[in-house]
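Okay, so here's the structure we're looking at.
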Amino acid sequence: MGENDHILERDLYAPVKDYLVSRGYSVKGEVEHCDIVAVKGDTLLAVEMKLTLNLDVILQAVLRQRIADLVYIAVPKKGKLLFTKRWKNICHLLRRLEIGLLLVSIRGERSLVEEALDAKPFSREVSRAVSGRKRTSLIKEFEARNGDHNTGGSTGKKIITSYRENAIHIAVLLKKNGQLSITQLKELGTDEKKTGAILRDNYYGWFDRVGRGVYTLSEKGAEEIEFDEYKSLVGYYSG
């Protein structure tokens with residue numbers, strides 16, 4: 001059990017209050033249904049405390065934004081969670097919502113409060129600049145697909161990525177024509193840049209190399225391209 005696992009929600013109050021007081025705020029607890037209210041000059045700040053960072057406390061914080069200039073959520077610091085993808089996604093959501101985050105560590109009579117996220121305006125331009133590579137990858141994948149061969153929201157089904165689509169295109173041509181060279185496949189319309197790599201990597205086990213730069217469809221490939229989820233794409237490339 002971690003050092004913060006046994007604490008109660010009310011145990012967060014004193015550390016958070018001390019933290020805000022040290023930054024020049026006048027602080028009071030349980031004011032008009034807000035866990036903590038702090039005032040400094042004309043700035044009104046509200047803090048919602050919870051033992052777990054979940055949707056309930058995020059919704060509470062959003063409602064507090066109607067009346068407070070700055071809104072924070074305070075939760076116990078749990079080291080293992082800080083490195084999970086879910087935690088990072090939640091932190092991104094808080095940034096988008098302009099909600100700050102305080103992490104509280106309590107060790108006996110000692111406590112520490114860290115401001116993990118500042119409650120500041122969110123810039124979509126800055127966020128897009130930071131995520132520029134992912135945005136480029138998304139657009140590239142979208143443009144590389146011919147048609148729409150996936151049903152949004154599906155689970156447990158193979159997704160037709162541009163890579164899989166290119167592999168299916170190659171497989172259909174090999175099934176129709178027998179063994180072909182990389183050059184011949186490109187002449188028949190397969191991707192100019194990716195055909196050679198797809199055949200050499202043979203990620204799905206669909207291809208057999210029969211000579212230098214020459215391939216044929218494997219038994220596994222002949223069987224799997226008949227799967228129902230590939231029917232529309234196989235039909236597209238067979239026409």
Side-chain angles (χ1 to χ4, degrees), residues 1-20 22-23 29 34-36 38 45-66 68 70-142 145 150-164 203:
M1 181 178 291
E3 295 182 11
N4 289 319
D5 291 344
H6 63 286
I7 68 175
L8 302 175
E9 193 172 297
R10 64 173 179 265
D11 295 330
L12 304 176
Y13 177 69
V16 173
K17 178 178 180 177
D18 291 344
Y19 174 81
L20 294 172
S22 71
R23 279 153 180 75
C34 296
D35 289 340
I36 299 176
L45 182 150
V47 182
E48 289 300 320
M49 302 185 300
K50 278 288 183 292
L51 296 180
T52 303
L53 183 54
N54 55 31
L55 181 59
D56 289 338
V57 70
I58 292 173
L59 290 174
Q60 286 180 330
V62 169
L63 293 176
R64 299 295 175 258
Q65 289 178 317
R66 294 176 177 176
L70 301 173
V71 177
Y72 282 80
I73 295 172
V75 295
K77 182 178 181 179
K78 298 180 180 179
K80 292 181 180 180
L81 293 178
L82 302 183
F83 302 99
T84 63
K85 183 177 181 180
R86 182 177 183 275
W87 178 268
K88 292 178 181 179
N89 290 340
I90 290 176
C91 287
H92 177 68
L93 174 61
L94 295 181
R95 290 191 189 95
R96 291 293 300 261
L97 296 174
E98 302 179 359
I99 297 171
L101 177 63
L102 302 176
L103 301 179
V104 183
S105 300
I106 300 176
R107 300 178 178 87
E109 296 182 356
R110 297 178 58 191
S111 62
L112 175 67
V113 175
E114 303 170 56
E115 187 169 332
L117 295 176
D118 188 10
K120 62 183 181 181
F122 178 81
S123 170
R124 294 193 66 181
E125 289 73 22
V126 172
S127 179
R128 282 182 174 179
V130 172
S131 302
R133 185 179 299 176
K134 290 183 178 180
R135 178 180 172 86
T136 300
S137 177
L138 178 64
I139 294 173
K140 185 178 180 181
E141 175 66 20
F142 181 88
R145 298 185 187 183
N150 300 301
T151 300
S154 299
T155 57
K157 294 185 65 177
K158 292 182 176 65
I159 298 299
I160 308 298
T161 62
S162 61
Y163 184 95
R164 192 182 295 272
Y203 183 79

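By convention here, the first residue in the shown sequence is residue 1. Computed over heavy atoms, backbone and side chain alike; hydrogens, waters and symmetry mates excluded.
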[X] versus [Y]: any side-chain heavy-atom pair under 4.5 Å?
X: Ile58; Y: Ile90; result: yes
X: Leu63; Y: Gln60; result: no
X: Leu51; Y: Pro76; result: yes
X: Val104; Y: Val75; result: no
X: Met49; Y: Ile36; result: yes
X: Leu94; Y: Leu53; result: yes
X: Leu20; Y: Val47; result: yes

Looking at every non-hydrogen atom in both residues, tell me the closest pair between [X] and [Y] and how far apart they are.
X: Tyr72; Y: Leu117; answer: CE2-O, 3.5 Å
X: Gly100; Y: Ala119; answer: N-CB, 3.6 Å
X: Glu114; Y: Ser105; answer: OE2-OG, 4.3 Å

For the side chain of Asn89 and the backbone of His92, is there at least one donor-acceptor N/O pair under 3.5 Å apart?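 No; judged by distance alone, with no hydrogens or angles, the pair does not exist.
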Nearest 0.5 angstrom please: [X] [atom1] to [Y] [atom2], how far?
X: Leu12; Y: Leu103; atom1: CG; atom2: CG; answer: 10.5 Å
X: Cys91; Y: Leu101; atom1: SG; atom2: CG; answer: 5.5 Å
X: Leu70; Y: Glu98; atom1: CG; atom2: CD; answer: 10.0 Å
X: Leu97; Y: Ile99; atom1: CG; atom2: CD1; answer: 4.5 Å
X: Leu93; Y: Leu55; atom1: CG; atom2: CG; answer: 8.5 Å

Going by atom types alone, do Tyr13 and Asp18 pair a side-chain donor with an acceptor below 3.5 Å?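 Looking only at side-chain atoms, Asp18 and Tyr13 do not form any donor-acceptor pair under 3.5 Å.
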Would you check, one step at a time, whether the test side-chain contact (heavy atoms from CB on, under 4.5 Å) holds for Leu112 with Lys77? CA-CA 10 Å; Leu112 175 67; Lys77 182 178 181 179; over 6 Å; no
Can you run down the salt bridge (Lys or Arg N to Asp or Glu O under 4.0 Å) pairs that involve residues 48-61, sequence neighbours left out, and say none if there aren't any?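 The answer is Glu48-Arg64.
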